[in-house]
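In listed order, ligands and their atoms are each counted from 1.
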Amino acid sequence: MVIAHLSDTHFDGGTRATRRARRVMDYLNGLPGPLDAILVSGDIADHGLTPEYELARAHLVSEYPVLLLPGNHDERGTFREVLLGEPPGGAPVNRAVTVGDTVFALCDSSIPGRSDGLLGDDTLGWLETVLQRGAPTFVCLHHPPVTVYEPTIDRIRLTDADRLADVLAGHRNVTAVLCGHAHAGVATTFVGRPLVVAPGVVSTLLLPWESDRVVDRDLPPAIAFHVLDGRRFTTHFRVVV
Ligand SMILES: [Fe+2]
Ligand SMILES: [Fe+2]
């Protein structure tokens, strides 16, 4: 199984964000393939507005399944209505999508009106029931549940990571945890599972030992390819110029 993982498109109605997302999708759709899925791990829109989601809906298109989850810049009701074609509603946008024999648990870690993340009782309870099915499962959420050494992001990371750890520790079928939010390709572990953050499409966040600046908007967009071969999980990162 091969998954393309991108994140943080931040569609804002302007040409810059749209052009960068378009470049990534054209690259993926032009590959010989096949891919099994394309995951976009949140901050799809910049302000959660309908026209931003209309742009996302027009450009995040592929012959492969495109799996979307919300981030802190997204708005649940509009996300549901425009991207999923569902009635708007304020409940967490949690969805389990099965591709082949693998489940993508697409978790909503957003907190309306805030930048940090929380899964909370509803989403953690839902995730528990998804994992109980026993299928190999990618746990996907916007906010990394770990420190990534970007001070601006570490201040607004997942706040109930310990509770997520407790849920994942009880299930051997968690293949990997896939996140966004950090606008950087990051690989680490969480509860002994691989944890990978996809690079940001719209921009790259810099590390304290790289620069006094926080964000670089000139570095090209990048993506991750995840390969699942039996139980082995491998990631490649690719810059899209
Ligand atoms: Fe973002
Ligand atoms: Fe974010």
Side-chain angles (χ1 to χ4, degrees), residues 4-14 16-25 38-49 52-53 55-56 59-60 66-80 83 92-94 106-120 123 139-161 164 177-186 188 190 195-207 210-211 213-224 237 239-240:
H5 180 189
L6 55 132
S7 199
D8 295 82
T9 49
H10 286 259
F11 282 95
D12 60 1
R16 181 183 170 279
T18 301
R19 198 171 57 238
R20 288 172 73 98
R22 183 77 252 166
R23 202 193 305 173
V24 167
M25 293 308 295
I38 298 173
L39 170 67
V40 190
S41 51
D43 282 357
I44 289 168
D46 200 35
H47 308 96
L49 302 174
E52 299 175 342
Y53 288 118
L55 275 173
H59 291 286
L60 299 178
V66 179
L67 312 178
L68 308 171
L69 61 87
N72 53 298
H73 282 256
D74 290 301
E75 202 281 316
R76 288 172 175 170
T78 321
F79 184 103
R80 267 204 178 84
L83 295 182
V93 186
N94 299 318
L106 306 171
C107 305
D108 184 346
S109 60
S110 71
I111 311 171
R114 293 178 60 108
S115 299
D116 53 349
L118 180 82
L119 291 170
T123 297
V139 174
C140 311
L141 71 161
H142 181 67
H143 294 78
V146 294
T147 299
V148 296
Y149 308 103
E150 293 171 2
T152 53
I153 291 300
D154 289 339
R155 278 193 289 272
I156 53 171
R157 70 185 179 95
L158 190 74
T159 53
D160 56 353
L164 175 62
V177 181
L178 305 178
C179 300
H181 195 47
H183 293 223
V186 182
T188 181
F190 184 65
L195 185 157
V196 180
V197 180
V201 170
V202 78
S203 65
T204 301
L205 294 183
L206 300 173
L207 295 159
E210 282 184 298
S211 174
R213 292 183 302 139
V214 172
V215 59
D216 188 315
R217 290 161 59 87
D218 296 324
L219 286 170
I223 61 143
F237 292 99
V239 169
V240 181

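- Annotation: side-chain contact (heavy atoms from CB on, under 4.5 Å) contacts of L205 (sequence neighbours excluded): E150, T152, I153, H183, V214, V215.
- By the side chain to side chain donor-acceptor pair (under 3.5 Å) test, S41 is found to be paired with H5, S7, residues two or more places apart in sequence or in another chain being considered.
- Note on the Fe ion (ligand 2): protein N/O/S atoms under 2.8 Å are D43 OD2, N72 OD1, H142 NE2, H181 ND1.
- With sequence neighbours left out, R16 forms a side chain to side chain donor-acceptor pair (under 3.5 Å) with no residue at all.
- The aromatic rings of F11 and H59 sit parallel to each other, their planes meeting at less than 30°, with 60° as the upper class boundary.
- Without hydrogens or angle criteria, D154 side chain to T147 main chain gives no donor-acceptor distance under 3.5 Å.
- Listed for the D108 side chain is no donor-acceptor partner under 3.5 Å among the backbone atoms of N94.
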